[in-house]
> 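Got a structure here, written out as structure tokens. Questions coming.
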Amino acid sequence: MKQTEFLNVVLPFQDKLYRLAKRLLVSREEAEDATQEILLKLWSKNESMEKYKNVEAFAMTMTKNFCLDRLKSKQAGNLKLVHSNYTDGNSSLQKQLEAEDSVSWMERIMEDLPEQQKMILQLRDVEQYEFDEICELMDMKPTAVRVALSRARKTVREELIKKHNYGIG
Amino acid sequence: MELGNIEKILEKYFEATATVDEERTLRAYFSQDEVAPHLEQYKPMFNYFSIAKEEKYTKQVPLKPRVNYYKWLSVAAAVVLTFGIYFGNQYQETKRLEQEQAEYAYEETVKAFELLAENFNRGTEKVAYLNEFEEAKQKIYNNN
């Protein structure tokens, strides 16, 4: 496979990879690095890539696994450095500032979801994947996906109602 | 789209039983400016999903170097090999010439020494006559 061919295959979904990475890793730089890493990995496998019937799903799964690994190692590495008091005060201040903007408010709500729900919500509501695609990607049963999705959406709703009642927005 | 229908889809949405098309209807509804007051609270949620989809990956991925590296490596290897063979042959050639010259010089030297030795030998033959004379002289002395 030539470089231009590869780029044509990758172009339609590389933004999706990036958005998923950013949903999980939050930081823009981290997400960019992760996406680059995934694309380079794909490129190094480009001989065998034609065998995969769905390159997009394959790449999304790779991204998911890569980011989860990344989070795991980051958490392990950060344990020694983070003082809980310090970050607590900082984040509540940040929260107050960001509350004015409903987009960043939503972002914060989604950030607080468990990783699995975060990913499913991202795949369904942002990228509009079908349920069977999500099942395959997440390696989960359809009912489990529905339950997680429903739970995630309800959590978001509750947080939004809370905010609505505070009258901040 | 009538309000009752929207409410129904919204309910299905939160139970995660709505289809992708129905969810698209919801997003379209909430992207309007005018939304029923009791549904106003859901607006940021659906708007956010539409905004989140706009985000693009803008970084360029450096794919080229890896391929070029191998290509140029083989070229460099070929160049080194040809030079090696060329100069290697030349070196062998000069070495062979040197060897020949050294052998020639050795032969010439041996010849020269042989010539010298022959002449020396001729000298000793003449001295042998002198020996004879000495012996004869000794006999005469002894007799006296």
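Because only heavy atoms are used, hydrogens play no part in the values below, and waters and symmetry mates are left out as well, while side chains stay in. In the text below, chain A, chain B and the rest are named by the order of the sequence lines, each starting its count at 1. Because the structure is a prediction, the values reported are computed rather than measured.
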> Taking atom CD of E108(B) as the centre, report whether more than 12 heavy atoms of other residues, nucleotides or ligands fall under 6.0 Å from it.
yes

> Tell me whether L113(A) shares a hydrophobic cluster with V147(A), the cluster being built from Ile, Leu, Val, Met, Phe, Trp, Tyr side chains joined at under 4.5 Å.
no

> Does R153(A) make a cation-pi contact with Y13(B), if we ask for NZ or CZ under 6.0 Å from the ring centre and within 45° of the axis?
yes

> Got more than 12 heavy atoms from elsewhere within 6.0 Å of CD, E136(A)?
no

> Just how far is it from atom CG of D125(A) to atom CZ of R27(B), taken to the nearest 0.5 Å?
6.5 Å

> Same cluster for F133(B) and Y141(B) if Ile/Leu/Val/Met/Phe/Trp/Tyr side chains link at under 4.5 Å?
no

> Should we count CD of Q138(B) as having more than 12 external heavy atoms under 6.0 Å?
yes

> So which atom in E55(B) and which in D15(A) form the shortest heavy-atom distance, rounded to 0.1 Å?
O-CB, 4.1 Å

> For atom CG of N119(B), decide whether the heavy atoms of other residues, nucleotides or ligands shown that lie under 6.0 angstrom number more than 12.
yes

> Is it possible for you to say whether V26(A) and L24(A) belong to one hydrophobic cluster, with membership spreading through side-chain heavy-atom contacts below 4.5 Å?
no

> In Å, rounded to the nearest 0.5 Å, how long is the span from CD of E130(A) to OG1 of T19(B)?
8.0 Å

> Show the nearest heavy-atom pair for residues V20(B) and Y129(A), with the distance to one decimal.
CG2-O, 4.0 Å

> Is any side-chain heavy atom of Q41(B) closer than 4.5 Å to one of L160(A)?
no

> Are any non-hydrogen side-chain atoms of E15(B) and K154(A) less than 4.5 angstrom apart?
yes

> Test side-chain contact (heavy atoms from CB on, under 4.5 Å) on M106(A) and M45(B); report intermediate values, then the result.
CA-CA 7 Å; M106(A) 266 301 294; M45(B) 189 170 176; 4.1 Å; yes

> Which heavy atom in E32(A) sits nearest to a heavy atom in Y57(B), and how many Å separate them?
O-OH, 3.7 Å

> If you count heavy atoms of other groups shown closer than 6.0 angstrom to CG of D33(B), is the number above 12?
no

> Is the shortest heavy-atom distance from the side chain of K53(B) to the side chain of E127(A) under 4.5 Å?
yes

> Got more than 12 heavy atoms from elsewhere within 6.0 Å of NZ, K56(B)?
yes

> Do V110(B) and F113(B) belong to the same hydrophobic cluster, where Ile, Leu, Val, Met, Phe, Trp and Tyr are linked whenever their side-chain heavy atoms lie under 4.5 Å apart, directly or via other members?
no

> Can Y48(B) and E107(A) be said to form a side chain to side chain donor-acceptor pair (under 3.5 Å), step by step?
CA-CA 8 Å; Y48(B) 172 73; E107(A) 211 143 65; 3.1 Å; yes

> Quick check on R23(A) against chain B: is it the side chain, the backbone, both or neither that has a heavy atom closer than 4.5 Å?
side chain

> Check whether L17(A) gets within reach of chain B through its side chain, its backbone, both or neither, counting any heavy atom under 4.5 Å.
neither

> If you count every heavy atom of other residues, nucleotides or ligands that lies below 6.0 Å from Q60(B) atom CD, does the total exceed 12?
no

> Quick check on F46(B) against chain A: is it the side chain, the backbone, both or neither that has a heavy atom closer than 4.5 Å?
neither

> In terms of heavy-atom proximity below 4.5 Å to chain B, should K16(A) be classed as side chain, backbone, both, or neither?
neither

> Under the 3.5 angstrom rule, does the side chain of S150(A) hit a backbone N or O of F14(B) as a donor-acceptor pair?
yes

> Rounded to the nearest 0.5 Å, what separation is found between the OG1 atom of T35(A) and the NZ atom of K59(B)?
8.5 Å

> Go through the atoms of R146(A) and report whether side chain, backbone, both or neither lie under 4.5 Å from a heavy atom of chain B.
both

